[in-house]
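Only heavy atoms go into these numbers, but all of them, side chains included; no hydrogens, no water, no symmetry mates. Numbers restart at 1 for each chain; the letters A, B, ... are given by sequence-line order, proteins then strands.
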Amino acid sequence: MKDSHIDLLATLFCGQCFGWKEEQGVFQSVVNGRLITFTEDTFLATLAGNGDLIRYFDMDGEYEMAKAHLRKLDPTMAKAVDRFAGLHILNQDPWEVLVCFILSQNNNIARIRQMYCRLTEAYGSPVGAGWHSFPTAAQMQDVSEEDLRRLGMGFRAPYLLDAIAQNSLLEEIPSLPFDEALHHLMTIRGVGPKVGQCILLYGFHRMEAFPMDTWMKKIMLRWYPTKDSQYFAPYAGLAQQYLFHYARTEAPV
DNA sequence: GGCCAGGCCCCAG
DNA sequence: CTGGGGCATGGC
């Protein structure tokens with residue numbers, strides 16, 4: 001492992017994923033079909049021998065090099081980096097990310113988490129202790145728009161249906177250049193530039209991605225009025241994550 | 001009890 | 001292509 005330091009609270013609750021729970025220091029979720037349970041103290045032992053978890057938590061990411069680069073850019077970036085130095089960008093299942101960020105539009109994080117949970121309980125597989133895996137596209141193959149509306153998916157229900165129908169499109173993404181990959185994703189209904197870049201960043205680890213939500217627009221206007229994502233290259237995605245989390249938890253934008 | 005939420009679709013200019 | 005209204009739902 002290149003980087004055994006990770007800020008679990010920041011990483012798991014910064015809005016890049018929606019399936020984790022933390023109660024009294026115990027973290028739980030389902031990763032790659034199995035229930036994972038650990039505390040700050042048992043985290044590294046939990047990873048030992050589990051290559052898929054090491055990858056999921058991005059423990060081999062080049063964070064020291066990236067952070068050194070970003071810190072040098074400007075004082076705002078330096079502060080954001082240092083405040084959340086252990087923030088990792090997870091390597092999540094692209095399908096799960098696609099669904100989550102379709103759900104995210106005009107929505108709040110608390111409710112996205114609730115909708116995520118309902119999907120697992122309705123269509124996922126039981127994995128013990130009352131937990132369910134996130135449903136695969138195959139497991140959702142036969143759901144109807146009305147099923148999804150009954151689950152509280154609202155106007156996003158037809159978007160989810162299109163994502164289910166077109167899920168195999170995800171397989172082509174890794175081999176495509178960034179812009180082509182983004183436009184390919186945007187052929188799915190309910191996937192625009194922001195959701196598409198979230199999928200590329202959180203599902204495919206494309207560091208060029210720079211999701212511009214309402215928070216990031218305010219941040220850019222306030223601190224980087226003449227800049228765009230290129231300013232943070234080649235770590236735009238990570239910079240976005242630091243700034244987003246920093247603005248939401250620390251500094252009034 | 002309104003307000004608003006990690007936007008996108010759709011339709012008018 | 002740019003701008004603005006509408007959108008289901010529930011936490012606050």
For this session: Identify whether NZ of Lys or CZ of Arg in Lys227(A) sits under 6.0 Å from the centre of the six-membered ring of Tyr224(A) and within 45° of that ring's axis.
Result: no
Residues which pass ring pair (Phe, Tyr, Trp, His ring centres under 6.0 Å) with [X], listed by chain and number, not counting sequence neighbours:
X	answer
Phe210(A)	Phe232(A)
His245(A)	Phe84(A)
Phe204(A)	none

For this session: Report the relative orientation of the aromatic rings in Tyr246(A) and Trp223(A); use parallel for angles under 30°, tilted for 30 to 60°, perpendicular for over 60°.
Result: tilted
Exercise. Pairs counted as Watson-Crick or G-U wobble with both distances under 3.5 Å: what dot-bracket string results for DNA chain B, using | for bases tied to another strand?
Worked result: .||||.|||||||
Write down the distance separating the [atom1] atoms in [N] and [M], rounded off to the nearest Å.
N	M	atom1	answer
dA8(C)	dG1(B)	P	24 Å
dC4(B)	dG5(C)	P	14 Å
dG10(C)	dC8(B)	P	22 Å

Using residues 97-110 of chain A as the side-chain source, report each donor-acceptor pair under 3.5 Å to any protein atom, sequence neighbours left out, with the distance given to one decimal.
unit_1: Ser104(A); atom_1: OG; unit_2: Phe101(A); atom_2: O; d: 2.8
unit_1: Gln105(A); atom_1: NE2; unit_2: Gly190(A); atom_2: O; d: 3.1
unit_1: Asn107(A); atom_1: OD1; unit_2: Arg111(A); atom_2: NE; d: 3.2
unit_1: Asn107(A); atom_1: ND2; unit_2: Leu103(A); atom_2: O; d: 2.9
unit_1: Asn108(A); atom_1: OD1; unit_2: Ala110(A); atom_2: N; d: 3.4
unit_1: Asn108(A); atom_1: OD1; unit_2: Arg111(A); atom_2: N; d: 2.9

Exercise. So what does Arg118(A) touch, heavy atoms closer than 4.0 Å: a base, only the sugar-phosphate, or nothing?
Worked result: sugar-phosphate
Problem set entry | Pro177(A) backbone acceptor or donor facing Glu180(A) side chain under 3.5 Å | no
For this session: Take the protein atom CG of Leu148(A) and the nucleotide atom P of dT9(C), then report the distance between them rounded to whole Å.
Result: 12 Å
Exercise. Can you give one letter per nucleotide of nucleotides 5-10 of chain B, 5' to 3': B if a protein heavy atom sits under 4.0 Å from the base, S if only from the sugar-phosphate, - if neither?
Worked result: BBBSSS
For this session: Determine, using ring centers only, whether Tyr116(A) and Phe134(A) are less than 6.0 Å apart.
Result: yes
